[in-house]
Amino acid sequence: MGRGKLETMRTHLEIDGRDFVMSGDHDIGELMHRIEAAARSEPTFIDIATVSSLVSVLVTASTRVLVYMERTDDSLSAGTHQTSFLDWDL
């Protein structure tokens, strides 16, 4: 399988079900360490720079955090998926 052009990745941080798209200049490893440290201490606010805002999140030992990467390359045929869906007989 050829690599073609390199895809751009976008990082998402989901905190207690709320999704935040991270800014490209954010050090995700460092942020994950700050979240881990906050979860081990008394409830603590941490600041997160998203694409469009600065967010302060109160992190506790029971805060649910998910970090995931999403490919943002549009060279894959997105129209194929949409067409397949629209061609279904209902």
Side-chain angles (χ1 to χ4, degrees):
M1 177 177 183
R3 291 190 178 233
K5 68 179 188 179
L6 295 176
E7 295 89 12
T8 304
M9 299 299 283
R10 178 183 308 149
T11 303
H12 291 257
L13 181 68
E14 186 178 298
I15 301 175
D16 288 337
R18 176 96 188 251
D19 186 54
F20 299 96
V21 179
M22 306 307 298
S23 64
D25 59 337
H26 217 299
D27 181 348
I28 301 303
E30 187 269 334
L31 176 60
M32 291 171 66
H33 288 297
R34 287 193 299 134
I35 292 170
E36 288 175 2
R40 289 187 187 112
S41 68
E42 293 295 317
T44 304
F45 277 97
I46 60 166
D47 295 326
I48 301 169
T50 69
V51 170
S52 62
S53 62
L54 178 63
V55 179
S56 293
V57 178
L58 182 63
V59 177
T60 68
S62 63
T63 300
R64 183 180 164 270
V65 178
L66 174 68
V67 178
Y68 65 96
M69 304 291 285
E70 173 185 50
R71 182 175 47 214
T72 58
D73 178 31
D74 292 331
S75 69
L76 296 176
S77 177
T80 303
H81 299 287
Q82 185 178 11
T83 303
S84 299
F85 177 74
L86 296 175
D87 284 346
W88 287 8
D89 289 330
L90 299 176

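- Contact record, S62 with D16: O-OD1, 4.3 Å, taken as the closest heavy-atom pair.
- If you take CZ on R71 and CE on M9, they are separated by 7.5 Å, rounding to the nearest 0.5 Å.
- Other residues, nucleotides and ligands place no more than 12 heavy atoms under 6.0 Å from the CD atom of E42.
- Using a 4.5 Å heavy-atom cutoff, the side chains of H12 and M22 are not in contact.
- The side-chain contact (heavy atoms from CB on, under 4.5 Å) with I35 is formed by just one residue from the set T44, V67, T63, V65; it is V65.
- With contacts defined as side-chain heavy-atom distances shorter than 4.5 Å, the pair R18/V57 does not qualify.
- Interatomic distance, L66 CG to D19 CG, rounded to the nearest 0.5 Å: 8.5 Å.
- Environment of CE in M32: sparse, with no more than 12 heavy atoms of neighbouring residues, nucleotides or ligands closer than 6.0 Å.
- In this structure, CD1 in I46 is found 5.5 Å from CG in L31, a value given to the nearest 0.5 Å.
- Although no hydrogens or angles enter the test, the distance criterion places no donor-acceptor pair under 3.5 Å between the side chain of R64 and the main chain of E14.
- T72 places a side-chain N or O within 3.5 Å of a backbone atom of T8 that can act as its donor or acceptor partner.
- Once rounded to the nearest 0.5 Å, the distance linking CG of L13 with CD1 of I28 reads 7.0 Å.
- In this structure, CZ on R40 lies 5.0 Å from CD on E36, to the nearest 0.5 angstrom.
- The two atoms that bring F45 and L58 nearest to each other are CD2-N, 3.6 Å, heavy atoms only.
- Atom CG of D47 and atom CG of L54 lie 5.0 Å apart (nearest 0.5 Å).
- Looking only at side-chain heavy atoms (C-beta outward), I48 and I15 come within less than 4.5 Å of each other.
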